[in-house]
K.L.:
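The structure under discussion is supplied below as structure tokens; questions concerning it will follow.
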Amino acid sequence: MRIVQKYGGTSVGSIERIEAVADRVAKACNAGHQCVVVVSAMGHTTDELVRLARAIDSVPDSREMDALLSTGEQVSAALLAMALQKRGLSGRSFTGWQAGIVTEQVHGSARIEDVKTEALRSSLAAGEVPVVTGFQGISGETVTTLGRGGSDTTAVAVAAALHADLCEIYTDVDGVYTTDPRVVAGARKLERISYDEMLEMANLGAQVLHPRAVENAKLFEVSLVVRSSFSDEEGTLVVESAGYEQHRVVTGIAFEREVARIAVLGIPREQHGLAKVFGYLAERGVNVDVIVQSLVQAETVDVSFTVKEEDTARTLRVLDELRSQLSYQEIVAEQGLAKVSIVGAGMISNPGVAARMFSVLAEGEISIKMVSTSEIKVSCIVDSQELDRAVQQLHEAFLAEAPEKGVTSKEVSVTHSYL
Ligand code: ADP
Ligand code: ASP
Ligand code: MG
């Protein structure tokens with residue numbers, strides 16, 4: 001089999017951990033598999049690099065920021081290549097550009113446009129074990145990064161481009177759980193989850209996989225497994241599954257901290273006000289999430305929307321620039337909020353899930369500030385101090401009991417048992 005293995009920050013957080021990863025890679029290679037490894041930066045290296053940059057300038061130059069952040073992965077890739085060499089394998093590190101990862105010309109969140117596989121293919125043909133830096137690529141002559149958590153996306157893109165049989169995401173939990181096991185001790189590991197549900201979970205804040213990794217895995221039909229680099233437990237398969245999710249209405253609970261709500265009050269109705277507000281914010285790269293519009297009076301419109309808390313000041317600045325064009329009456333900003341979401345493909349055919357979510361939160365005296373729904377999720381904005389309790393109570397209400405299994409364990413173990 002050709003396998004892409006990706007190891008996250010905690011998994012390569014120290015020399016001991018890198019040695020353990022090298023052992024795991026060696027085991028797969030010695031079992032006759034062709035391996036390509038993708039690594040994240042060691043531990044909290046990327047956070048530390050961000051801190052250094054901000055100590056110089058609160059809004060550092062984006063080109064230099066990418067030049068800086070991409071160094072973290074280069075350290076771990078080179079160290080892992082050395083550790084593989086010590087084990088008699090021809091480990092060889094590749095930076096993003098050396099591995100042919102071509103991105104769009106955007107700094108901080110570039111999308112991969114192409115993976116030119118020549119270098120990796122000749123490395124594999126020469127019997128080497130390529131170790132690729134995650135989270136980075138090249139646009140023209142400039143180094144770009146894919147966005148925080150983006151090494152997962154590198155791994156999936158490399159797996160797709162090389163037509164790998166399997167892409168394994170090794171992390172510090174042994175799979176995808178019904179919710180973050182750090183918040184709910186009784187969270188259960190899922191044997192499998194569909195691409196669509198995983199994408200929704202990831203987009204709604206479940207950090208365990210980068211949303212674009214899931215998007216690409218679905219698009220290129222990459223077999224994806226999330227598992228632990230600290231144990232040999234079977235992980236979670238992310239699959240194009242039909243059927244299984246019908247056995248559970250809610251598959252998981254995701255959440256996002258540090259959300260802010262901005263209300264723009266009294267926008268005159270005739271002026272295409274909403275289009276202007278959101279068009280202007282989009283042009284300036286402000287990502288807007290939940291939007292609620294209410295008609296208060298015939299002449300004016302009120303709208304409120306959420307952004308990441310760190311974007312509050314920038315959003316207010318943009319809206320201020322717009323004041324003369326829009327003649328709205330008032331802007332109100334509220335920080336310290338969070339978003340909790342229930343996700344499940346089974347919701348499509350099960351009405352009343354949203355109502356149940358609202359009553360669970362009401363029973364817990366957790367007030368809901370905004371709501372947003374899609375076919376397979378319901379999200380509520382709540383006070384961030386109440387977030388953990390909201391997640392725990394929703395988990396208790398929707399996920400405390402394991403659903404009946406719609407898939408045989410044999411099917412699952414086929415993919416897991418290659419070692
Ligand atoms: P890595 O550095 O390996 O990429 P991350 O920190 O990005 O690891 O992702 C793993 C973390 O994701 C876990 O430690 C866990 O706290 C968090 N997490 C959030 N939601 C979930 C979930 N539903 N299932 C498993 N882990 C989750
Ligand atoms: N090192 C990067 C980050 O911390 C990328 C990754 O870990 O996936 O965001
Ligand atoms: Mg991650």
Side-chain angles (χ1 to χ4, degrees), residues 8 147-150 152-153 169 171-215 217-218 224 226 235-238 241 245 248-260 287-290 306-309 337-348 350 353-354 356-358 360-361 364 366 368-400 403:
R148 296 303 305 269
D152 298 337
T153 300
I169 305 291
T171 182
D172 54 5
V173 278
D174 56 9
V176 178
Y177 278 68
T178 45
T179 191
D180 190 337
R182 291 181 207 278
V183 172
V184 177
R188 282 179 293 104
K189 189 170 84 181
L190 299 167
E191 273 183 6
R192 51 163 58 192
I193 182 167
S194 71
Y195 288 123
D196 288 339
E197 290 172 303
M198 190 62 239
L199 186 57
E200 202 76 59
M201 291 272 284
N203 273 323
L204 292 168
Q207 204 194 336
V208 63
L209 279 177
H210 195 235
R212 272 155 46 207
V214 188
E215 213 174 281
K218 179 179 162 76
L224 200 58
V226 177
T236 299
L237 277 169
V238 187
S241 145
E245 63 264 37
R248 49 193 185 206
V249 176
V250 174
T251 300
I253 298 172
F255 55 84
E256 221 174 285
R257 300 180 194 274
E258 295 169 7
V259 171
N287 254 323
V288 170
D289 186 14
V290 180
T306 62
V307 292
K308 283 197 163 69
E309 206 164 68
L337 302 177
K339 183 169 75 171
V340 58
S341 309
I342 55 174
V343 178
M347 276 185 211
I348 297 173
N350 284 276
V353 181
R356 185 149 168 238
M357 178 180 193
F358 304 152
V360 169
L361 294 177
I366 295 165
I368 301 169
K369 309 222 165 208
M370 289 166 103
V371 174
S372 139
T373 64
S374 80
E375 281 190 321
I376 66 167
K377 67 110 189 197
V378 185
S379 302
C380 293
I381 303 292
V382 300
D383 261 333
S384 67
Q385 286 135 325
E386 297 182 328
L387 177 69
D388 285 13
R389 208 157 53 79
V391 175
Q392 286 152 5
Q393 296 191 355
L394 290 168
H395 194 273
E396 181 62 32
F398 286 104
L399 289 158

K.L.:
Do the side chains of Arg257 and Asp388 get close enough for a salt bridge, i.e. N-O under 4.0 angstrom?
P.N.:
yes
K.L.:
Under the salt bridge (charged side-chain N to carboxylate O under 4.0 Å, His left out) criterion, do Lys377 and Asp196 qualify, and how do the steps go?
P.N.:
CA-CA 11 Å; Lys377 67 110 189 197; Asp196 288 339; over 6 Å; no
K.L.:
From Lys369 NZ over to Ile381 CD1, what is the distance, rounded to the nearest 0.5 angstrom?
P.N.:
10.5 Å
K.L.:
Any sub-3.5 Å donor-acceptor pair from Glu375's side-chain atoms to Ala345's backbone N or O?
P.N.:
no
K.L.:
So, Thr306 side chain and Val290 main chain: donor-acceptor pair closer than 3.5 Å or not?
P.N.:
yes
K.L.:
Give me the one residue out of Lys218, Glu200, Glu215 that meets side-chain contact (heavy atoms from CB on, under 4.5 Å) with Tyr195.
P.N.:
Lys218
K.L.:
Roughly how far, to the nearest 0.5 Å, is the CG atom of Leu237 from the CE atom of Met198?
P.N.:
13.0 Å
K.L.:
To the nearest 0.5 Å, what is the distance between OG1 on Thr153 and CG on Leu209?
P.N.:
9.0 Å
K.L.:
Would you call Thr179 and Gln392 a side-chain contact if the rule is heavy atoms closer than 4.5 Å?
P.N.:
no
K.L.:
Do Ile169 and Val238 come close enough that some side-chain heavy atom pair is under 4.5 Å?
P.N.:
no
K.L.:
Is the backbone of Val226 close enough, under 3.5 Å, to the side chain of Thr236 for a donor and an acceptor to pair up by distance?
P.N.:
no
K.L.:
So do the side chains of Val343 and Leu204 get within less than 4.5 Å of each other, counting heavy atoms only?
P.N.:
yes
K.L.:
State whether the side chain of Asp180 and the backbone N or O of Arg182 hold a donor-acceptor pair below 3.5 Å, judged by distance alone.
P.N.:
yes
K.L.:
Do the side chains of Phe358 and Val378 get nearer than 4.5 Å, heavy atoms only?
P.N.:
yes
K.L.:
For Cys380 and Val371, which heavy atoms make the closest approach, and how far apart are they?
P.N.:
SG-CG2, 4.4 Å
K.L.:
Minimum heavy-atom separation for Pro181 and Val173, please, with both atom names.
P.N.:
CG-CG1, 3.9 Å
K.L.:
With rounding to the nearest 0.5 Å, note down the distance linking CE in Met201 to CD1 in Ile342.
P.N.:
11.5 Å
K.L.:
Is the closest side-chain heavy-atom distance between Phe398 and Thr178 below 4.5 Å?
P.N.:
no
K.L.:
Could you tell me whether Lys308 atom NZ has more than 12 heavy atoms of other residues or ligands within 6.0 Å of it?
P.N.:
no
K.L.:
Which heavy atom in Thr251 sits nearest to a heavy atom in Leu399, and how many Å separate them?
P.N.:
O-CD2, 3.7 Å
K.L.:
So which heavy atom on Ser379 is nearest to which on Ser341, and how close?
P.N.:
OG-OG, 2.8 Å
K.L.:
Would you say the side-chain atoms of Arg389 pair up with the backbone N or O of Ile366, donor to acceptor, closer than 3.5 Å?
P.N.:
no
K.L.:
Taking the side chain as C-beta and beyond, is there a heavy-atom pair between Leu394 and Val340 under 4.5 Å?
P.N.:
yes
K.L.:
What is the minimum heavy-atom distance between Val208 and Val176, and which atoms define it?
P.N.:
CG1-CG2, 4.3 Å
K.L.:
Distance from Gln385 atom CD to Leu337 atom CG, nearest 0.5 Å?
P.N.:
10.0 Å
K.L.:
Rounded to the nearest 0.5 Å, what's the gap from CG on Asp289 to CD on Glu256? Could you check?
P.N.:
6.5 Å
